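I have placed the structure first, in the form of structure tokens, so that the comments after it can refer back to it.
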Amino acid sequence: MRVITHTLGCRVNHYESQLIRERLSGLPGAGEVHVVNTCAVTSLAARKGRKLVRKLRREHPRALIVAVGCQATDSPGELRAAGADLVIPNRDKARIRELVLAHLRGEAVGGEGWPALAEERIARDTEQIRANLKVQDGCSVACSFCKTWQVRGPLRSKPPDVAREEAECLAAAGHPELVVAGINLAQYGEDLPGRPSLVDLLRELLRVPRVRIRLSSLNPEGVTGELISLFADERRLCPYLHVPLQSGDDRVLARMGRPYTAAEYADRVGRFLEAVPKATFGADVMVGFPGEDEAAFRRTCSLLEELAPLRLHVFPFSPRPGTPAAALPDQVPPAVKRERATALDELARALSLRVRRGFLGEVLWPVLEERAGGMWRGHAENYIILSLPSDGLARGTILPVRVTEVRDDITVGVIEDNQDI
Ligand code: SF4
């Protein structure tokens with residue numbers, strides 16, 4: 001059977017879609033299987049999942065439609081009503097082959113416990129040149145607005161040696177960069193014997209020659225002095241961290257259940273930016289959380305202005321049924337949320353321009369990812385997306401590029417000839 005995956009949501013989901021493609025490869029029989037890997041992080045994400053299942057059902061009436069992932073765990077009935085033939089929760093995602101085959105035979109198979117992460121390994125990433133490497137799942141922080149921790153199961157980490165073997169495999173498959181991903185990387189290792197830290201894991205991954213390593217989203221608790229020192233010393237660790245802020249106001253952070261203050265966030269991110277050459281950072285911010293008044297919103301803006309993220313993802317708060325935040329008093333009117341989101345989007349654009357202008361004339365090392373309109377595009381080590389006019393280069397090449405122009409929507413560079421840099 002032909003297998004087509006459709007992925008919504010985060011890097012962990014993208015990794016798991018690759019796992020699903022590998023597990024379902026060579027599935028016997030004719031016809032098509034469409035696997036929708038869903039997300040439940042916001043109401044909008046859940047709506048997208050339902051819409052996609054409905055569209056696939058309409059366009060492929062004879063295909064087998066399988067819904068998996070966070071929304072499939074949180075609200076399986078909605079996806080069945082939208083037209084999914086089979087709905088598989090996160091706990092059983094890695095057993096998808098067995099479950100699909102049983103479904104095709106007309107049998108129902110009971111669920112098992114959550115699988116150990118050591119069992120989840122991919123050989124390559126067929127959709128991204130910068131391959132995702134999942135090393136952790138689950139979260140026990142339990143932020144009051146979040147559905148994810150409710151649907152991802154207990155904390156589970158991939159042992160460092162298992163992650164290194166998988167990284168070796170991905171490097172051998174030609175991936176020049178690996179993006180280390182998890183649901184809450186700051187909790188990496190808490191469930192493993194000896195409690196290896198994220199730094200221990202990174203040291204193990206750095207034993208794999210040639211590839212460079214990037215961390216995906218990392219909560220502020222994970223930005224430790226030891227991690228900062230490792231980033232400062234090791235050129236093969238990409239100097240960019242995505243550190244979700246959510247709010248720059250301590251009262252709002254406490255109501256969210258986030259285990260840090262705005263000052264702690266600023267201190268950790270500030271030290272990272274200061275200590276690590278060429279470092280930049282990105283953040284997520286949620287606007288209009290219950291109880292966020294004008295003064296609290298202004299505190300968020302000031303903190304961002306002070307630290308200047310390269311990237312900012314702005315989410316207006318949308319109450320998710322089943323989360324404590326949905327029942328909190330002092331909900332913010334939708335028009336105010338929209339206004340604040342627009343204001344932050346504008347601030348984000350200005351700050352990104354400021355950060356990127358700071359690299360004018362410098363040499364960065366992008367990995368070439370896609371080519372369009374006579375230009376190669378790719379992420380540099382510090383996550384600036386560079387565009388360079390050039391022919392005859394191969395996807396996946398990492399090369400030195402001098403930044404020559406920074407505009408609102410694009411950062412342009414030319415290949416640096418001086419190989420002594
Ligand atoms: S840290 Fe908070 S937002 Fe992140 S997955 Fe855990 S509960 Fe959700």
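Basis for what follows: all heavy atoms, side chains included, without hydrogens, waters or symmetry-related copies. Indexing begins at 1, ligand by ligand and atom by atom, following the structure's order. None of the values given here were measured: they were computed from a predicted structure.
- Aromatic pair F272/F231: centroids less than 6.0 angstrom apart.
- Contact annotation for A142 and ligand 1: only backbone heavy atoms (N, CA, C, O) come within less than 4.0 Å of the ligand.
- The aromatic rings of Y240 and H242 lie tilted to each other, with the angle between the two planes from 30° to 60°.
- Residue contacts with ligand 1, taken as heavy atom pairs separated by less than 4.0 Å, involve R258 solely via side-chain atoms from C-beta onward.
- The shortest contact between atom 8 (Fe) of ligand 1 and any protein heavy atom is with C146 SG, 2.3 Å.
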side-chain hydrogen bond (donor to acceptor under 3.5 Å, both in side chains) between T411 and E405: does it pass, once the steps are laid out? CA-CA 6 Å; T411 309; E405 189 186 352; over 6 Å; no
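- Of the listed residues (F289, F145, F297), just one forms a ring pair (Phe, Tyr, Trp, His ring centres under 6.0 Å) with F317, and that residue is F289.
- Residue-level proximity to ligand 1 for C139 is carried by the side chain, the only part with a heavy atom below 4.0 angstrom.
- With respect to R130 and E369, a salt bridge is recorded, a charged nitrogen being found less than 4.0 Å from a carboxylate O.
- The atoms of ligand 1 that sit less than 4.0 Å from any heavy atom of W149 are 7 (S).
- Distances from atom 5 (S) of ligand 1 to the heavy atoms of N219, I183, L185, D284 show the closest one on I183.
- Looking at G257, S217, C143 and measuring to atom 2 (Fe) of ligand 1, the nearest heavy atom belongs to C143.
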